2 protein chains.
Amino acid sequence: MPKKRVLPYILLGLINNQTKMSGYQISQEFNHEIGEFWHASHSQIYPELQRMISDGWIEPDAEVSDSKSIFYLITFDGKNILQEWLSEPLSEKDDLFSLKLYFIKNQDSPLLRELVEQQLQINSSHYEHLRSRRELVFPDEASIQNSYGHSLILNRAIERERNHINWLKSTLDNLE
Amino acid sequence: MPKKRVLPYILLGLINNQTKMSGYQISQEFNHEIGEFWHASHSQIYPELQRMISDGWIEPDAEVSDSKSIFYLITFDGKNILQEWLSEPLSEKDDLFSLKLYFIKNQDSPLLRELVEQQLQINSSHYEHLRSRRELVFPDEASIQNSYGHSLILNRAIERERNHINWLKSTLDNLE
DNA sequence: AGCTTCATGTAAGTCGTTACATGATTAC
DNA sequence: GTAATCATGTAACGACTTACATGAAGCT
């Protein structure tokens with residue numbers, strides 16, 4: 001099966017967040033806030049918007065606009081598609097956690113807790129996996145001296161997971 | 001200018017680490033250790049190896065091999081190319097830190113300290129940037145409640161940078 | 001005999017990039 | 001008036017993925 005595309009869902013999420021956006025505004029968004037987590041160039045965005053219109057996910061704003069920009073609104077179908085995508089379980093490899101959170105505005109959304117819990121699962125299993133790799137690959141000092149850079153980044157990866165897990169747990173606590 | 005390729009340098013680094021590798025072995029590597037940081041499928045690897053031969057970076061092992069595998073050795077030129085690549089300053093966006101460390105076997109390599117210091121610079125500036133974004137975008141409680149998911153992941157990103165910086169600093173200390 | 005793994009390769013398709021293009025508006 | 005930014009689009013190209021293909025070796 002082909003890999004699931006994410007760009008259309010991001011555009012959907014952005015338009016949904018702002019109720020109304022032009023292609024140019026969307027491309028500017030990637031230079032600012034959401035740019036910390038994802039990027040897309042305008043040559044991707046414009047054709048994608050056309051596809052989304054023909055799929056009925058968005059529609060051009062009918063109101064006569066003074067400006068030169070074309071604004072798009074999310075349709076009823078589009079809102080459903082977006083919610084479906086947000087509800088899909090997180091997978092280990094795509095790392096869509098931050099991206100999906102970006103589209104959740106309300107602290108009380110049940111999705112919020114769900115996503116944090118899923119991500120906690122993923123990081124925990126990754127953490128365990130990395131720790132067992134380290135035990136296996138670096139059982140003694142000699143093996144470390146043998147591949148010092150490798151041992152460093154394995155340590156780093158473990159520390160990163162540990163930190164992420166802690167953050168997720170404390171975030172969960174604050175959601176109570 | 002086109003984006004700098006990394007695959008050939010990874011293959012070079014892998015062959016250099018093991019002195020001798022077949023395409024199949026390389027593709028297996030991506031399922032194990034280096035797989036934590038990078039992936040490549042065999043349909044990329046085999047043509048890439050051919051290109052590297054014609055560029056004179058590697059050469060097939062001349063020794064008559066009992067096995068069906070074709071083994072490759074790194075050439076003198078290849079070693080230089082690899083060292084050059086490792087010495088190139090890290091850029092903010094590619095995030096080649098872990099990957100490059102993987103190819104540094106010796107704790108005393110001057111490159112080690114250099115890479116950690118460079119990465120520290122990058123993370124520090126990223127950290128400052130994220131903190132100023134948070135001040136700007138989330139000045140009060142109301143703005144947080146307005147985009148709760150976004151505020152969460154911004155906090156997460158800041159915490160991640162903080163953790164990475166701490167790790168890099170303590171790693172530097174241990175290198176003394 | 002049939003299935004899995006080893007081992008190498010090519011072909012087709014997708015996603016994303018940079019470059020090419022154009023016209024309107026705003027700033028100096 | 002001319003340079004930058006706004007605004008939208010297409011074209012060419014590169015990297016990577018999945019699928020297609022083939023043959024040998026080993027296991028059950």
Side-chain angles (χ1 to χ4, degrees), chain A residues 1-12 14-15 18 20-32 34-35 37-55 58-61 64-72 85 91-96 99, chain B residues 1-12 14-15 18 20-32 34-35 37-55 58-61 64-72 85 91-96 99:
Chain A
M1 80 214 96
K3 208 187 250 179
K4 180 108 185 182
R5 306 200 59 213
V6 298
L7 183 60
Y9 302 101
I10 297 173
L11 302 193
L12 220 43
L14 288 171
I15 295 171
Q18 313 272 336
K20 184 181 176 174
M21 284 191 100
S22 70
Y24 187 77
Q25 283 181 321
I26 290 172
S27 83
Q28 291 306 101
E29 281 289 294
F30 288 107
N31 299 332
H32 305 125
I34 202 177
F37 314 102
W38 202 270
H39 186 261
S41 47
H42 78 272
S43 59
Q44 268 184 287
I45 294 166
Y46 291 115
E48 190 62 53
L49 287 170
Q50 298 313 310
R51 239 169 294 162
M52 291 165 73
I53 292 174
S54 66
D55 289 348
I58 57 172
E59 52 187 8
D61 189 2
V64 191
S65 68
D66 42 346
S67 88
K68 44 197 165 151
S69 298
I70 306 163
F71 287 89
Y72 299 96
W85 179 72
S91 102
E92 298 203 38
K93 35 188 322 206
D94 306 343
D95 195 22
L96 299 177
L99 198 58
Chain B
M1 78 212 98
K3 210 188 248 179
K4 179 110 187 181
R5 305 199 60 211
V6 298
L7 183 60
Y9 302 100
I10 297 173
L11 302 192
L12 220 42
L14 287 172
I15 295 170
Q18 315 270 336
K20 184 179 175 176
M21 285 192 99
S22 71
Y24 187 76
Q25 283 181 321
I26 290 172
S27 83
Q28 291 305 101
E29 280 289 293
F30 287 108
N31 300 332
H32 305 125
I34 201 177
F37 314 103
W38 202 272
H39 187 261
S41 46
H42 79 273
S43 59
Q44 265 184 289
I45 293 166
Y46 291 115
E48 191 63 52
L49 288 169
Q50 297 313 311
R51 238 169 294 161
M52 290 165 73
I53 292 174
S54 66
D55 289 349
I58 58 172
E59 51 188 10
D61 190 3
V64 191
S65 70
D66 43 344
S67 89
K68 42 194 167 155
S69 298
I70 307 161
F71 287 89
Y72 299 97
W85 178 71
S91 100
E92 298 203 38
K93 36 188 320 206
D94 305 343
D95 197 21
L96 298 177
L99 198 58

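Lettering follows sequence order; numbering is per chain, from 1. Since the structure is predicted, the reported quantities are computational estimates derived from the model, not experimental observations.
- Closest non-hydrogen pair, A:Tyr72 versus A:Leu49, comes out as CE1-CD1, 3.6 Å.
- In terms of position on DNA chain D, the residue among A:Gly23 and A:Lys93 whose nearest nucleotide sits closer to the 5' end is A:Gly23.
- A:Lys4 NZ: more than 12 foreign heavy atoms inside a 6.0 Å radius.
- Following rounding to the nearest Å, A:Arg5 (CZ) and C:dG13 (C1') show an atom-to-atom distance of 13 Å.
- A search for side chain to side chain donor-acceptor pair (under 3.5 Å) contacts involving B:Asp94 returns B:Ser91, not counting sequence neighbours.
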**Stepwise side chain to side chain contact (heavy atoms under 4.5 Å, CB included) test for B:Leu14 and B:Ile45** = CA-CA 12 Å; B:Leu14 287 172; B:Ile45 293 166; over 6 Å; no

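- Here the OH-OG distance, from B:Tyr46 to B:Ser22, works out to 6.5 Å after rounding to the nearest 0.5 Å.
- Across residues 38-46 of chain A, A:His42, A:Ser43, A:Tyr46 each have a non-hydrogen atom less than 4.0 Å from an atom of DNA chain D (numbered order).
- Take B:Glu48 and apply the side chain to side chain donor-acceptor pair (under 3.5 Å) test, not counting sequence neighbours, and it matches B:Arg5, B:Arg51.
- By the ring-ring contact (aromatic ring centres under 6.0 Å, His included) test, B:Tyr9 is found to be paired with B:Trp57, B:Trp85, residues two or more places apart in sequence or in another chain being considered.
- When heavy atoms are screened at a 4.0 angstrom cut-off, B:Gln50 is found touching the sugar-phosphate backbone but no base atom.
- In this entry the distance linking NZ of A:Lys3 with P of C:dT14 reads 14 Å, nearest Å.
- Note that the first and last nucleotides of DNA chain D, 5' to 3', having any atom under 4.0 angstrom from a heavy atom of chain B are D:dA15 to D:dA25.
- To the nearest 0.5 Å, atoms CD (A:Glu59) and CD1 (A:Ile15) are separated by 10.5 Å.
- For the helix from C:dA1-D:dT28 to C:dC28-D:dG1, the terminal axes (five pairs an end, C1' atoms, rotation from four pairs onto the next four) enclose an angle of 20°, given to 10 degrees.
- The nearest whole Å value for the distance from the OH atom in A:Tyr9 to the P atom in C:dC15 is 11 Å.
- Two residues are said to be in side-chain contact when any heavy atoms from C-beta on lie closer than 4.5 Å; A:Trp38 and A:Leu96 meet this criterion.
- Interatomic distance, CG of A:Leu11 versus CD1 of A:Ile58, reported as 7.5 Å (0.5 Å rounding).
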**Message:** side chain to side chain contact (heavy atoms under 4.5 Å, CB included), that's the test. Do B:Gln25 and B:Gln18 meet it? Break it down for me.
**Reply:** CA-CA 10 Å; B:Gln25 283 181 321; B:Gln18 315 270 336; over 6 Å; no

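- Counting to the nearest Å, the P atom of C:dA7 and the CD atom of B:Gln28 are 8 Å from each other.
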